[in-house]
Amino acid sequence: MDYQFKKIEQDWRKFWADNQTFKAHNTSDKPKYYVLDMFPYPSGAGLHVGHPLGYIASDIFSRYKRLKGFNVLHPMGYDAFGLPAEQYAIQTGQHPAVTTAANLERYREQLDNIGFSYDWSREIRTTDPHYYKWTQWIFIQLFHSWYNKTTDKAEPITNLIALFETEGNTCVIAACEETPLFTAHEWKAKSEKEQQLLLLNYRLAYTSEAWVNWCPALGTVLANDEVKDGVSERGGHPVERKRMPQWSLRITAYADRLLNGLAEIDWTESIKESQRNWIGKSEGTTLDFKIQNSEDTITVFTTRPDTIFGVSFVTLAPEHELVAKITTNEYKTVVEEYITIAKNRSERDRQADVKNISGQFTGAYVQHPFSGAPIPVWIGDYVLAGYGTGAVMAVPGHDSRDYAFAKHFNLPIIEVVQGGNLAEEAYEPKEGKLINSDFLNGLDVKQAIKKAIAVIEEKGLGKGKVNFRLRDAAFGRQRYWGEPIPIYYKDGVPYTMAEEDLPLILPEVDKFLPTESGEPPLARAKDWTYSPPQPSPRGRESVAANTGNFRYETGDKSIWNVLKENSQEHRKNPTETEAIVWKFLRGKQLGVRFRRQHPILTYIADFICIEKKLIVEIDGGYHATAEQQALDTARTNELVAIGYNVIRFSNEDVLANINAVIEQIKAKLKVLPIGEDLGGEYPLETTTMPGWAGSSWYFLRYMDAHNSNEFVAKDAVKYWQQVDLYMGGAEHATGHLLYVRFWTKFLFDLGLIPVDEPAKKLINQGMIQGRSSFMYRFDFKPSLRNDFIVENHNSNLKESDLKSAHDETLSDLFYYTVENSPSVFFSSAYYNDFVNSKFSKESIVNTVKSNFPALERVLNKYGTDIDEKTVSLTPINVDVNIVENDVLDITAFKKWRPEYADATFVLEDGKYICGSEVEKMSKSKWNVVNPDDIIERYGADTLRMYEMFLGPLEQSKPWNTNGIEGVFKFLRKFWKLFHDDQFNFVVSDAAPSKEELKSLHKVIKKVEEDIERFSFNTSVSTFMICVNELGALKCNKRAILHDLVITLSPYAPHICEELWTLLGNKKGSLSFANYPTFNPAYLTEDAFDYPISINGKVRSKLNLSLSMEVADIEKAVLASEELQKLLAGQTPKKVIVVKGKIVNIVL
RNA sequence: GCUCGGGUGGUGGAACUGGUAGACACGCAGGACUUAAAAUCCUGUGACCCUUACAGGUCGUGCGGGUUCGAUUCCCGCCCCGAGUACCA
């Protein structure tokens, strides 16, 4: 049989799935290797041919590593929370979970088609409560941690509390400068609420007031990119900058470690550079300027303290807190006006029009810290409130922004560093001698900076300081489709939920929109409250510090874990009767709160009201047995012993008369006294986590995907450590790739994982762009001269030709005629000539006339008026799937666009050739190529190899199906090596020749080298060369083909598995075969064709033995007849011989 | 503006530490097989000049310089394209 890729590929995909061939094990004698792809967001559009590029590369690498004897972990999952599904939900009312599930299924199907060696048993989805339970859990750990600068790592907040209780807040442990210092005594005197609010300044997850873009009309916070020109992008509602509470993660605490850690990881330089810029470390100093006639000082941050004597004004950000205080009466009105304007521009806007300089003098002055001279204080929106201190000392001579500001407002410019021309521009380089600078005069810039800082610190005017551009990461989103934040509020103070109450399941809501009062969608959820477990009699694990409170604990963790699991399961799958009863009990309908499936002692109660100490049990049929009844009684007794009441109903009771049952419960509640206050109900946080939460730790979960007790087991993470190869797009440089490093370092600090970087090596695959195809439509738009329009109107067209009444303008009438004429398409050569003015409009018109008589009538009538605007060839997008090698399938085109069924085509050489352009792959450009279609036509092995053959992995490039035939041919040739002309499988056991071995070992060596440096495109051509060579040699020797199959198998696994089996090996054993060993002996050559060049230009060749030494080579070359002819009597000045490379003769 | 990539035939690309530029593939042209088509196979294919032919020559890796016996590769200056980032004091 010929190469039947469809059957082969289907069979093998099934074999791998059935046998779980790629299931990774957490214990092995082999060394481990962890290959991770950035998991996809499953969008509705499905995969296009660009998405699998990185997956294919990493799959080749994984398969290669298996052959090299590694225990490979290669998992896949889905990052499924996100905006598109939510937007779709808002529009259609369809639950995002439903859309997501559908998309996910389609993704899986498409991925499966490509033959990846994923261990699907470890699949994770960020939207799965079993997964996000641990995302929430990590958030709780962040909340309960602070960053200890002394030990330079995150520590439990209890350590900090202990410090506060013993030492108070000394300057040594102050996390941020805003936090006031206090003594231990003062700490103890604070109320619980005061203490908690203070601790928020330290927690790694915290709420704070932050500046946001607030849109009152939409009732939501908008991201910077959702605001344009001061109004919301959607709807055009006004947006203002507002301070409001916002959850954030204190990533800034890790700024230095995130920066330094880059040195240890093998990531692309561009990603590291992006992260460095994003973190933006700058070293400088703070400096205080005393305000005249005031007790206050303005603190600025500067990296150029050397230019202190060049300060001619100080500028504050419009939001700076001192602005209102220092503005003099005279300037109050103008300053307020300015602030109002500045406030209504988003930060992005302010940054967008840099040229538009604006500012306002406040009327206030500060004193120069050294000379004491008065310096005016301005406000200007080029100063950002969020960076440094929100105030700058302006040195127009040596800072371009200050320079522009000074020029605009006519402020003095003082030169303090020599070297520039201040009449033209600011002189910014850190080179030159200081002048006009008192004690700094004569120093060069670097010395001056040091000296200035020293003097500033000595005089107590400021402190050397490191500033980062990086800001804390906003963590709350006013969205529905995300992980709920496991926080409840008591007296306005946030507390975390108990870990055993996780996951906090995303609730059902009636709409996925904010509430009328502007709260996030989660505020729509019924009973979105939480009752902390502290006093609840559940079978909880014993906690030493709180032992006194837990009167009913089981004290046994394993029992507790089982109870917890089961109760969650029960809640998800209530029995019919339980569901009926719950309808009447839920939501305090009877005046008190019932919980269902709640652990107590070593049981799970069906319904329990803690305040009234009442348990309601609904017993199924099996309770009728004597044995079971005995157990029930024993259980009731135990519960009674701890003060509980138990009422039992049977299923039949409920089904027969539910009202009677409820009445009994009501009656019982009436007689029971209200118990102690058992905690009560507290409102839950209504914002959800951002998209990057779930992806910040997923690489760990794959190591132990089904663990319900821990986010990852210690021994699993001890074995897999970290990702060895991480493959993904560079667009995540400052998002995901920074956050995942942050979380990893945090988890490392807590001692939960043994490494503090997520991935040793990172490869960024390039983006595959679309290659759009174009057709060129002849368009005729005559200029409308009054005379012929009138004529036209009167003579040719009838009222009934009009499209509609409002089209009754003369121009529309005319276009109607032209537009309804059948179209003419010109092949691309005409278009190119047209663009290059080689093909005139007259020629086009003549071509149209001769090709298409129907249009001739129109042209003859109005065509005298051909000018720049009348005739054009308009490119229109055509579906790339009906274009092959740029040739249009005209029949398919007419089917695709019925409106062009009558169109005429002006061909070249009998074909319609389409033009092309590289654009983003998108539906609207008709340039999306679906991998399924390619696989249908050529098979997955061809797709895999072709994607690799396209070019260097890391380079972005357009998809072009044109070359795929070459790869397909290669696989057929490969298949043919094993078969005779009638496609019978025939291999010979004869000993391979030297030539054949050479061909094979070239591949073994080259492919190994190429894979190790991710140069997959060149290894594909190496395979091609080898198969061409072996084909020419008619080699079908087992010894050669056996090894070749192994080396090719990472690239084209299906065909190789098939041939491997045909070769007589155990079915499916190929994935774990041994990569053949390279033997250099087969490649050694005795002789070499030395290129002989004269003055660097190759003129001749000479075959010489490789064992010859340099001097002998020189002699032999000079003696050769060929060279003597070329020299034509000249004597060489010099002869350069590079052994095994080249001979160069200098004349 | 700054940072990081990149610029090689008609096209995608190769040339790994300076040593025969254009591997491999597409496309194109010619040929074989075939009633025909498909498939397959063979040959040619950077540009220009010269030649009946054999052969030979000149130019050629964005542009201009430099280092070197020798530069796509190293250095200096410039141009263009792509990506990221942007009043960060």
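Labels below follow one simple rule: chain letters A, B, ... track the order of the sequence lines, proteins then strands, and each chain is numbered from 1.
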Q: Indicate whether OP1 or OP2 belonging to B:A89 is found under 4.0 Å from a side-chain N or O atom of A:Tyr382.
A: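 So the side chain of A:Tyr382 is outside the cut-off, no N or O lying under 4.0 Å from OP1 or OP2 of B:A89.
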
Q: Any base atoms under 4.0 Å from A:Ser270, or only sugar-phosphate, or nothing? Heavy atoms, all strands.
A: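 Here A:Ser270 touches the backbone only, sparing every base.
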
Q: Applying the Watson-Crick and G-U wobble criteria at under 3.5 Å, what pairs with B:A15? Answer none if nothing qualifies.
A: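 Its partner is none (no Watson-Crick or G-U wobble pair with both distances under 3.5 Å).
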
Q: Given B:C24, is OP1 or OP2 found less than 4.0 Å from the side-chain N or O atoms of A:Asn1028?
A: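 Negative; the distance criterion is not met.
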
Q: Name the nucleic acid region contacted by A:Asp402, choosing base, sugar-phosphate or nothing; use a 4.0 angstrom heavy-atom cut-off, strictly under.
A: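 Nothing, no heavy atom under 4.0 Å.
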
Q: What does A:Val1098 touch in the nucleic acid at a heavy-atom separation under 4.0 angstrom: a base, only the sugar-phosphate, or nothing?
A: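 Here A:Val1098 touches the backbone only, sparing every base.
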
Q: What integer number of Å spans the C1' atoms of B:G60 and B:G9?
A: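 Per the computed distance, 10 Å lies between those C1' atoms.
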
Q: Does the structure show a Watson-Crick or G-U wobble partner for B:G1, both distances under 3.5 Å? Name it, or say none.
A: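 Result: B:U85.
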
Q: Does a nitrogen or oxygen in the side chain of A:Lys1134 sit under 4.0 Å from OP1 or OP2 of B:C69?
A: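 For B:C69, OP1/OP2 do have a side-chain N/O of A:Lys1134 under 4.0 Å.
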
Q: Given 3.5 Å as the limit, does a donor-acceptor pair link the side chain of A:Arg944 with the main chain of A:Ile56, or not?
A: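 Not confirmed, A:Arg944 side chain does not pair with A:Ile56 backbone.
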
Q: Check this one for me: any side-chain N or O of A:Ser282 less than 4.0 Å away from OP1 or OP2 of B:A89?
A: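 Checking B:A89 against A:Ser282, a side-chain N or O does come within under 4.0 Å of OP1 or OP2.
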
Q: Which is true for A:Asn467 with a 4.0 Å heavy-atom rule: it touches a base, it touches only sugar-phosphate, or it touches nothing?
A: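 No contact.
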
Q: Testing the basics here: between A:Ala733 and A:Ile271, what is the closest heavy-atom pair and its distance to 0.1 Å?
A: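 Nearest pair, atom of A:Ala733 first, then A:Ile271: CB-CD1, 3.7 Å.
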
Q: For the pair A:Glu1009 and A:Lys1005, find out whether any cationic side-chain nitrogen is under 4.0 Å from an anionic carboxylate oxygen.
A: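 Judged by the 4.0 Å cut-off on N to carboxylate O distance, A:Glu1009 and A:Lys1005 do form a salt bridge.
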
Q: Quick check: on RNA chain B, is the nucleotide nearest A:Ser956 upstream (toward 5') of the one nearest A:Phe468, or the reverse? Name the residue that is more 5'.
A: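 The answer here is A:Ser956.
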
Q: If you look at every strand shown and take non-hydrogen atoms under 4.0 Å, does A:Val1146 touch a base, only sugar-phosphate, or nothing?
A: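 Sugar-phosphate contact only - A:Val1146 comes under 4.0 Å of backbone atoms but never of a base.
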
Q: Looking for any heavy atom pair under 4.0 Å, which part of the strands does A:Leu950 touch: base, sugar-phosphate only, or nothing?
A: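 A:Leu950: backbone/sugar contact only, no base atoms under 4.0 Å.
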
Q: Mind checking A:Pro958 for me? I need base, sugar-phosphate or nothing, with any heavy atom below 4.0 Å counting as a touch.
A: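 Nothing, no nucleic acid heavy atom in range.
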
Q: In this structure, are over 12 heavy atoms from other groups packed under 6.0 Å from A:Glu321 atom CD?
A: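 No, not enclosed.
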
Q: Which atom pairs link the protein and nucleotides 38-46 of chain B when you take only N or O atoms and keep those under 3.5 Å?
A:
unit_1 : atom_1 : unit_2   : atom_2 : d
B:A39  : O2'    : A:Arg972 : NH2    : 3.4

Q: Closer than 4.0 angstrom, basic N to acidic O: yes or no for A:Glu273 and A:Arg276?
A: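 Result for this pair is yes, salt bridge flagged.
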
Q: Answer yes or no: side-chain N or O of A:Asn1144 and base N or O of B:C69 forming a donor-acceptor pair under 3.5 Å.
A: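 Indeed there is one.
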
Q: Answer with yes or no whether the side chains of A:Thr252 and A:Asp472 bring together a donor and an acceptor at under 3.5 Å.
A: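 Judged by distance alone, the side chains do pair up.
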
Q: With heavy atoms under 4.0 Å as the rule, sort A:Glu273 into base, sugar-phosphate or nothing.
A: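 Here A:Glu273 touches the backbone only, sparing every base.
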
